[in-house]
K.L.:
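Please read through the structure below; I'll follow up with questions.
The structure presented is a predicted model; accordingly, all values stated were derived computationally and were not measured. The figures that follow rest on heavy atoms only: side chains count, while hydrogens, waters and symmetry mates do not.
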Amino acid sequence: MCSQLSTVLRSNFSVGEASTLERYFSSLIGNATNGITANRAAIAMGIPFGHVIKLFSRCYKLGLLSIDYAIRCPECSTIIKRFSSRNDDQGEDLYCYSCENNVSITTDNIEIIYKLSGDVFFPNGQQGQISSTDTVAQIDSLKSFIESGGDYNSLFFNPNMQELQVLQGMYQSIFAEQKNTKATGDALENLAVELFRTIHCVKATAIRTSENQIDCYTNNGFASLLPALGQHIVIECKNEKRTPGNTYLHKISGVIDTINGSVAKPVRLGMIISRTKPAKTVHNLAYIRYIKDGLRIITMCGDELEDILFNGRNLLELIEQKVDELQTQSANDLRAAGLYN
């Protein structure tokens with residue numbers, strides 16, 4: 001076993017955990033390093049499945065493991081697609097050519113496959129490629145991961161140390177003196193795009209047209225599994241020292257209304273990301289807009305970004321919390337008015 005991997009394990013795990021992981025990783029040869037599953041590892045290491053999930057989550061955080069997802073056909077058990085957590089647009093439905101059925105993506109048929117970070121720890125290239133048809137046990141489904149105590153949000157948003165270092169540097173740049181106003185705005189916009197790209201299976205980009213500029217626009221490949229995000233998010237960024245006011249909420253509302261007038265799947269979530277905390281009236285208007293037609297507009301400020309990037313706050317948990325607060329407030333007020341059961 002590479003001494004570098006041994007050092008990382010022994011620096012971040014208990015002696016017993018490091019020894020168990022090191023023995024297991026040392027036993028993997030060839031394609032096995034690209035097809036690690038929690039179920040197989042639990043059997044090999046002789047420890048509970050739920051414990052392996054937690055150990056592997058920490059290994060991923062440290063950059064020792066990466067994650068792929070596999071979609072298994074529920075009818076014939078064929079793995080019909082395997083894709084990386086970052087760069088594949090898998091959509092909501094797939095087609096199984098083995099049994100000729102359409103397959104909807106659910107927590108039952110998404111299976112989690114771990115890979116050792118070979119470029120760092122196996123310089124001799126002993127790890128190989130694994131076929132998309134290789135067997136993965138049903139216990140390794142996303143549903144089993146959740147039921148075994150795996151942190152759902154941390155699976156999809158769990159930036160490793162290298163990613164965090166990049167994001168932290170970008171965060172510091174939003175407070176630095178820039179050459180002009182555009183560069184100042186770009187600093188926060190670039191951070192927002194990169195931050196949302198770290199969510200597994202979410203793509204993010206800035207969009208500039210002759211009519212509108214969208215600072216960050218996301219496409220969520222797991223829309224049915226991450227309902228708080230929806231299929232798309234429109235994000236407006238404001239890197240200013242002054243408190244963001246109602247103008248920014250009206251702007252993002254208008255952009256979303258324009259988009260929703262021409263697409264089949266409407267945008268249901270907008271975000272205002274700003275250096276300073278928005279005025280209270282922004283939240284009041286967001287609440288009114290949600291009551292009107294269900295559009296959810298939430299905010300995130302610099303202090304919350306700092307909490308995510310330096311203190312380990314989970315981005316998805318924060319979004320869920322803000323969406324829940326908006327929906328709960330509206331439900332309570334409507335119920336008090338006798339308009340909601």
K.L.:
Would you check if the side chain of Asn239 reaches a backbone N or O of Ile174 as a donor-acceptor pair within less than 3.5 Å?
P.N.:
yes

K.L.:
Which word best sums up how the rings of Tyr69 and Phe156 line up, parallel for under 30°, tilted for 30 to 60°, or perpendicular for over 60°?
P.N.:
parallel

K.L.:
Spell out, as yes or no, whether a donor-acceptor pair under 3.5 Å connects the side chain of Glu189 to the backbone of Ala206.
P.N.:
no

K.L.:
Using a strict 4.0 Å threshold on nitrogen-to-oxygen distance, state whether Glu236 and Lys238 make a salt bridge.
P.N.:
yes

K.L.:
Do Val234 and Thr218 have side chains that approach each other closer than 4.5 Å (heavy atoms only, starting at C-beta)?
P.N.:
no

K.L.:
Please answer: with hydrophobic residues joined when any side-chain heavy atoms are less than 4.5 Å apart, are Ile252 and Tyr248 in the same cluster?
P.N.:
yes

K.L.:
Tell me if a side-chain donor or acceptor on Ser11 pairs with a main-chain N or O of Val8 at a distance below 3.5 Å.
P.N.:
no

K.L.:
Donor-acceptor pair, distance only, cut-off 3.5 Å: does the side chain of Glu317 make one with the backbone of Asn314?
P.N.:
no

K.L.:
Verify whether one side chain among Asp186 and Asn190 offers a donor that lies under 3.5 Å from an acceptor in the other.
P.N.:
no

K.L.:
Any link between Val267 and Val193 through a network of hydrophobic side chains (Ile, Leu, Val, Met, Phe, Trp, Tyr) touching at under 4.5 Å?
P.N.:
no

K.L.:
Take Glu22 and Ser6, measure what side chain to side chain donor-acceptor pair (under 3.5 Å) needs, and give me the verdict at the end.
P.N.:
CA-CA 7 Å; Glu22 188 171 358; Ser6 178; 3.2 Å; yes

K.L.:
Quiz question: by atom type and distance under 3.5 Å, do the side chains of Arg23 and Ser19 form a donor-acceptor pair?
P.N.:
yes

K.L.:
Could I get the full list of ring pair (Phe, Tyr, Trp, His ring centres under 6.0 Å) partners for His232, not counting sequence neighbours?
P.N.:
Tyr217

K.L.:
Without swapping roles, check the side chain of Thr328 against the backbone of Glu325 for a donor-acceptor pair under 3.5 Å.
P.N.:
no

K.L.:
Do any N or O atoms from the side chain of Thr33 and from the backbone of Ile29 form a donor-acceptor pair under 3.5 angstrom?
P.N.:
no

K.L.:
Show your reasoning for whether salt bridge (Lys or Arg N to Asp or Glu O under 4.0 Å) applies to Asp257 and Arg289.
P.N.:
CA-CA 12 Å; Asp257 288 340; Arg289 181 62 198 258; 2.6 Å; yes

K.L.:
Rounded to the nearest 0.5 Å, what's the gap from NZ on Lys61 to CD on Glu163? Could you check?
P.N.:
9.5 Å

K.L.:
Does Gly230 offer a backbone N or O that forms a donor-acceptor pair with the side chain of Asn220 under 3.5 Å?
P.N.:
yes

K.L.:
Would you say Tyr60 ends up clustered with Met161 if hydrophobic residues are merged whenever their side chains have heavy atoms under 4.5 Å apart, either directly or through other cluster members?
P.N.:
yes

K.L.:
Is there side-chain contact between Ile36 and Leu65, with at least one heavy-atom pair below 4.5 Å?
P.N.:
yes

K.L.:
Asp215 and Gln213: side chain to side chain donor-acceptor pair (under 3.5 Å), yes or no, with the steps?
P.N.:
CA-CA 6 Å; Asp215 296 335; Gln213 172 180 319; 2.8 Å; yes

K.L.:
Could you tell me if the side chain of Leu191 sits less than 4.5 Å from the side chain of Tyr171, heavy atoms only?
P.N.:
yes

K.L.:
In plain terms, say whether Lys277 and Glu304 are close enough for a salt bridge, that is, a side-chain N and a carboxylate O under 4.0 Å apart.
P.N.:
no

K.L.:
Any Lys/Arg nitrogen of Asp324 or Arg296 sitting under 4.0 Å from an Asp/Glu carboxylate oxygen of the other?
P.N.:
no

K.L.:
Is Arg197 paired with Glu194 through a side-chain N to carboxylate O contact shorter than 4.0 Å?
P.N.:
yes

K.L.:
With sequence neighbours left out, write down each residue that passes side chain to side chain donor-acceptor pair (under 3.5 Å) with Thr281, or none if nothing qualifies.
P.N.:
Asn246

K.L.:
Is it true that the side chains of Asn219 and Gln231 contain a donor and an acceptor less than 3.5 Å apart?
P.N.:
yes

K.L.:
Do any N or O atoms from the side chain of Gln172 and from the backbone of Gly169 form a donor-acceptor pair under 3.5 angstrom?
P.N.:
no

